[in-house]
Amino acid sequence: PTLTSVREAARRNGVAVIATIYEMAGPGLYFDTAFHIDPSGEIVFRYRKVHPAAVLSLEKLYFRYGTRFDTYRLGEWRVGIGICYDMAFPETARSLAINGAELLVAPYATSRTSMFQEVLRTRAFENGCALVAANKVGREGGWTFGGQSLIVDPTGAVLASADTQAQTIICAELSRDAMMRARIDFPSRRDRRPDLYGAISAELPAN
């Protein structure tokens, strides 16, 4: 029912929507999932959160882990999605960028405000990607959500930003030419040494 309502809203307003829901893939099989819905109301992409959180929440008790960092085409852009806690891991944005992402989209529902925008600006800069993050704002139950939604260009510059208090709509124009220039000016993709990065994907040693 939730997804049906979002699809109807997208179709009614003629807009694309990336919406996260509590997806039931089967009895007892749940994922924190983002769906991209196009203006006709069709589902064009689905991403399941790879890092269910255990920081200030109990997501890991309810959600299974997603297993892929796929990207998809949206107009002239290739898009990758990371949900909330996913973006605390630099490996998420880097894996999406390696898989072709030029635009990173990050839906959030977090109460944290410390370093929120700084971390996301860094994710954009270090991968030469534009980034759009939407965070819940206001109080719900015992939670006060942090807001600060933002749009960042591939140099890490903030193009638009919301505050910590009120719901708002922000918008900005993104340029693929600027993305290409940013990747030339800071050629970290060229200078990577993946042959030496095995420790990143190794299991931590037992205590």
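Worth saying up front: this structure is predicted, and the values here are computed from it rather than measured.
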Subject >> For Gly82 against Leu96, the heavy-atom pair lying closest together >> reply: N-CD1, 4.3 Å

Subject >> Whether Phe89 and Tyr85 hold their rings parallel, tilted or perpendicular, with breakpoints at 30° and 60° >> reply: perpendicular

Subject >> Nearest non-hydrogen partners of Arg123 and Ala88, listed with the distance >> reply: NH2-O, 3.4 Å

Original post:
What's the shortest heavy-atom distance between Ile18 and Ala34, and which atoms?
Top reply: CG2-CB, 4.2 Å

Original post:
Under the 3.5 angstrom rule, does the side chain of Asp163 hit a backbone N or O of Ala166 as a donor-acceptor pair?
Top reply: yes

Original post:
When you measure from the side chain of Asn99 to the backbone N and O of Phe69, does any donor-acceptor pair fall under 3.5 Å?
Top reply: yes

Original post:
Nearest heavy-atom pair of Ala172 and Ile151: which atoms, and what distance?
Top reply: N-CD1, 3.7 Å

Original post:
Can you tell if the side chain of Thr113 reaches within under 4.5 Å of the side chain of Gln148, non-hydrogen atoms only?
Top reply: yes

Subject >> Donor-acceptor contact below 3.5 Å, side chain Arg121 vs main chain Gly156 >> reply: yes

Original post:
For the ring pair Phe35 and Phe45, is the centre-to-centre distance below 6.0 Å?
Top reply: no

**OP:** Report, as yes or no, whether the 6.0 Å neighbourhood of atom OH on Tyr22 holds more than 12 heavy atoms from other residues, nucleotides or ligands.
**Re:** yes

Subject >> Cluster overlap Tyr72 with Leu174, hydrophobic side-chain contacts below 4.5 Å >> reply: yes

Original post:
Are Phe186 and Met179 grouped together when hydrophobic residues (ILVMFWY) are joined by side-chain heavy atoms under 4.5 angstrom apart?
Top reply: no

Subject >> Within 6.0 Å of CD in Glu118, more than 12 heavy atoms from elsewhere >> reply: yes

Original post:
Hey, any chance Val158 and Val105 share a hydrophobic cluster, counting ILVMFWY side chains that come within less than 4.5 Å of each other, even indirectly?
Top reply: yes

**OP:** Give a yes or no answer on whether the side chain of Glu102 reaches the backbone of Arg78 with a donor-acceptor pair at less than 3.5 Å.
**Re:** yes

Original post:
Should Val17 and Ile21 be counted in the same cluster of Ile, Leu, Val, Met, Phe, Trp and Tyr side chains packed under 4.5 Å apart?
Top reply: yes

Original post:
Is there a donor-acceptor pair under 3.5 Å between the side chain of Arg176 and the backbone N or O of Glu76?
Top reply: yes

**OP:** Evaluate the side-chain proximity of Ile37 to Glu42: yes if any heavy-atom separation is below 4.5 Å, no if none is.
**Re:** no

Original post:
Does the side chain of Tyr47 come under 3.5 Å of the side chain of Asp32 through a donor N or O and an acceptor N or O?
Top reply: no

**OP:** Would you please test Arg192 and Ile98 for side chain to side chain contact (heavy atoms under 4.5 Å, CB included) and show each step?
**Re:** CA-CA 11 Å; Arg192 292 177 62 247; Ile98 290 170; 3.4 Å; yes

Original post:
Which heavy atom of Ala162 sits nearest a heavy atom of Ile170, and at what distance?
Top reply: N-CG2, 4.1 Å

Subject >> Glu173 atom CD, over 12 foreign heavy atoms within 6.0 Å >> reply: no

**OP:** Please list, chain by chain and in numerical order, all residues satisfying salt bridge (Lys or Arg N to Asp or Glu O under 4.0 Å) with Glu59, sequence neighbours excluded.
**Re:** Lys49

**OP:** Tell me, yes or no, whether the heavy-atom count around Leu29 atom CG, taken from other residues, nucleotides or ligands under 6.0 Å, exceeds 12.
**Re:** yes

Original post:
So, do Tyr30 and Arg64 sit near enough that their side-chain heavy atoms are less than 4.5 Å apart?
Top reply: no

Original post:
Quick one: do the Ser161 and Gln117 side chains pair a donor with an acceptor below 3.5 Å?
Top reply: yes

Original post:
Quick one: side chain to side chain donor-acceptor pair (under 3.5 Å) partners of Thr164, sequence neighbours excluded?
Top reply: none

**OP:** Measure from the side-chain N and O atoms of Asn13 to the backbone N and O of Val15, and report whether any donor-acceptor pair falls under 3.5 Å.
**Re:** no

Subject >> Modelled atom types, side-chain donor and acceptor of Asp177 and Ser175, under 3.5 Å >> reply: no

**OP:** Kindly check if the number of other-residue, nucleotide or ligand heavy atoms within 6.0 Å of CZ (Arg183) is above 12?
**Re:** yes

**OP:** For Ala16 and His36, work out which heavy atoms get closest and say how close.
**Re:** CB-NE2, 3.9 Å

Original post:
Between Thr33 and Arg46, do the side chains contain an N or O donor and an N or O acceptor separated by less than 3.5 Å?
Top reply: no

Subject >> Exam field: side chain Arg12 to backbone Arg7, donor-acceptor pair closer than 3.5 Å >> reply: no

**OP:** Kindly indicate whether the side chain of Ser111, heavy atoms from C-beta on, has any atom under 4.5 Å from the side chain of Thr144.
**Re:** no

**OP:** Report yes or no: does Tyr197 contribute a side-chain atom to a donor-acceptor pair with the main-chain N or O of Arg193 at less than 3.5 Å?
**Re:** yes

**OP:** Check for a donor-acceptor pair, side chain of Arg112 on one end and backbone N or O of Gly146 on the other, with a separation under 3.5 Å.
**Re:** no

Subject >> In one Ile/Leu/Val/Met/Phe/Trp/Tyr side-chain cluster, 4.5 Å: Leu104, Phe116 >> reply: yes

Original post:
Do Phe125 and Pro154 come close enough that some side-chain heavy atom pair is under 4.5 Å?
Top reply: no

Original post:
So, does Ser95 use its side chain to make a donor-acceptor pair with the main chain of Thr92 at under 3.5 Å?
Top reply: no

